[in-house]
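All residue numbers refer to positions in the sequence shown, counting from 1. Note that this is a predicted model, so its numbers are computed, not measured.
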Amino acid sequence: QARGLTQHLPKRYMSAECADYPCILKQAHGEFGKECNIVHSPEDVCKVTPQGLGTRWVLQELVHGRFEVSTTVLADFGHILDEVSTCYEYDSETYVWPRCRGVSKSLYSVPHGHLKIFEQFLESYSGICNFNYKVRDGELRIFELNTRIGGDLAVDAPRERARRLFEKLDAHWCISSNDTMPEKQFAFCRSTGLPQ
């Protein structure tokens, strides 16, 4: 918050009474849209969380829009060495993935200014990281950041483009540290057939 990065995140509501509806109610720890709900009133929130939000639940702004971007970056101490991005179009302005229908997907070119914002989030971080976000009025709304390979790279990105990112990862760390790919990422590549 002190670094001003919260402006790039959906607004978080500390209570059901102060939220702007509709909004998103989701588990503080989860993945793939599991336990993620669009709620329309404090009563909807209470039905899901009768004991209140506590530390298990997060109530946040619903970012409208049919288009969502998934960007996988390769970073070295916060400096982005490479990125692969996919833009997805869905059949509604208001949805929770995967409870929606995909319309299209395509490679996406991330503006330089957005990459610089990603680098602020990744200060001192090295490895692969995945950002999921929407762009509203030219501004980022990042609703997920995972230190792992994203589904866009593993499944949807062209194989040749994904291969180039992994070759850069392998070459960079072999040259800079005489080390091999981190074991978790190596195991993932081996299991999915991506280049090792």
Side-chain angles (χ1 to χ4, degrees), residues 4-13 16 18-45 47-49 53 57-74 80 82-122 128-162 165 192:
L5 295 178
T6 54
Q7 66 179 305
H8 306 298
L9 307 175
K11 185 188 303 181
R12 184 173 177 180
Y13 306 113
C18 71
D20 295 322
Y21 292 94
C23 56
I24 293 287
L25 176 65
K26 64 180 184 179
Q27 286 189 340
H29 304 284
E31 58 182 11
F32 307 126
K34 186 178 180 182
E35 296 295 336
C36 192
N37 307 274
I38 297 175
V39 289
H40 298 271
S41 67
E43 292 72 29
D44 284 353
V45 175
K47 287 176 186 175
V48 179
T49 64
L53 298 176
W57 295 91
V58 173
L59 190 62
Q60 70 181 35
E61 172 190 8
L62 172 63
V63 183
H64 297 274
R66 300 169 64 91
F67 296 93
E68 181 176 323
V69 181
S70 181
T71 294
T72 297
V73 303
L74 172 62
I80 293 176
D82 199 3
E83 61 84 14
V84 179
S85 301
T86 304
C87 181
Y88 299 90
E89 180 184 4
Y90 295 101
D91 62 348
S92 174
E93 295 284 324
T94 304
Y95 64 87
V96 173
W97 190 90
R99 298 189 296 275
C100 54
R101 186 177 66 83
V103 174
S104 67
K105 61 186 174 188
S106 59
L107 276 175
Y108 178 77
S109 180
V110 180
H112 178 73
H114 291 174
L115 290 176
K116 300 309 288 183
I117 292 170
F118 294 158
E119 288 186 334
Q120 293 179 60
F121 280 93
L122 298 173
I128 284 182
C129 189
N130 177 250
F131 291 84
N132 289 96
Y133 58 98
K134 291 185 179 182
V135 179
R136 186 173 66 186
D137 300 326
E139 300 294 326
L140 287 173
R141 286 295 181 271
I142 302 167
F143 44 84
E144 209 170 308
L145 190 162
N146 299 293
T147 52
R148 59 169 170 76
I149 295 166
D152 61 317
L153 187 65
V155 179
D156 295 327
R159 298 298 81 198
E160 181 56 36
R161 184 64 190 89
L165 183 141
T192 57

Practice prompt. Would you give the length of the straight line joining atom CG of Asp20 to atom CG of Leu62, rounded to the nearest 0.5 angstrom?
Written response: 11.0 Å
Worksheet item: Hey, what do you get for NZ (Lys47) to CG (Asn37), rounding to the nearest 0.5 Å?
Response: 11.5 Å
Discussion item. So, taking the atom named OG1 in Thr6 and the one named CZ in Arg12, what distance separates them when rounded to the nearest 0.5 Å?
Written reply: 12.0 Å
Discussion item. Once rounded to the nearest 0.5 Å, what's the spacing between atom CG of Asn146 and atom CG of Asn132?
Written reply: 6.5 Å
Item to complete: Measure across Cys87 and Phe67 and return the closest heavy-atom pair with its distance rounded to 0.1 Å.
Response: SG-CD2, 3.9 Å
Practice prompt. Please assess Leu140 against Val135 for the test side-chain contact (heavy atoms from CB on, under 4.5 Å), listing each intermediate value before the final yes or no.
Written response: CA-CA 5 Å; Leu140 287 173; Val135 179; 4.3 Å; yes
Worksheet entry | Exercise: identify the closest heavy-atom pair between Pro22 and His64 | CG-CE1, 4.4 Å
Response to the item:
Residues Val84 and Ala157: closest non-hydrogen pair is CG1-CB, 3.8 Å
Worksheet item: Below 4.0 angstrom, N of the basic side chain to O of the carboxylate: do Arg136 and Glu139 qualify?
Response: no
Discussion item. Checking His40 now: which residues fulfil side chain to side chain donor-acceptor pair (under 3.5 Å) with it, not counting sequence neighbours?
Written reply: none
Worksheet item: Which heavy atom of Ile24 sits nearest a heavy atom of Cys36, and at what distance?
Response: CG2-SG, 3.6 Å
Item to complete: Without swapping roles, check the side chain of Tyr21 against the backbone of Ala16 for a donor-acceptor pair under 3.5 Å.
Response: yes
Item to complete: Indicate the atoms forming the closest heavy-atom contact of Asp152 with Ser85, along with that distance.
Response: OD2-CA, 4.3 Å
Item to complete: Evaluate the criterion side-chain contact (heavy atoms from CB on, under 4.5 Å) for residue pair Leu5 and Ile142; output intermediate values, then yes/no.
Response: CA-CA 10 Å; Leu5 295 178; Ile142 302 167; over 6 Å; no
Fill in: CZ-CG distance between Arg161 and Leu107, expressed to the nearest 0.5 angstrom
8.0 Å
Worksheet item: Can you tell me if NZ on Lys134 sees more than 12 non-hydrogen neighbours from other groups inside 6.0 Å?
Response: yes
Practice prompt. Would you please indicate yes or no on a ring centroid separation below 6.0 angstrom for Tyr133 and Phe118?
Written response: yes
Discussion item. One thing to verify: whether Lys26 and Glu144 come together as a salt bridge, which I'm taking to mean a side-chain N less than 4.0 angstrom from a carboxylate O.
Written reply: no
Worksheet item: Considering all heavy atoms of both residues, which atom of Arg141 and which atom of Leu9 are nearest to each other, and what is their separation?
Response: CD-O, 3.8 Å
Worksheet entry | Spatial distance of atom CG (Leu59) from atom CD (Glu61) [nearest 0.5 Å] | 11.0 Å
Worksheet item: Between Ser70 and Asn130, is any side-chain donor less than 3.5 angstrom from a side-chain acceptor?
Response: yes
Practice prompt. Identify which one of Leu145, Thr72, Ile80, Leu74 satisfies the side chain to side chain contact (heavy atoms under 4.5 Å, CB included) criterion when paired with Cys129.
Written response: Leu145
Discussion item. For a quick check under 3.5 Å, do Tyr88 and Asp156 share a side-chain donor-acceptor pair by atom type?
Written reply: yes
Worksheet entry | Results of ring pair (Phe, Tyr, Trp, His ring centres under 6.0 Å) for Phe143 - residues two or more places apart only | none
Discussion item. Ring-plane angle category for Tyr95 and Tyr90, please: parallel below 30°, perpendicular beyond 60°, tilted otherwise.
Written reply: tilted
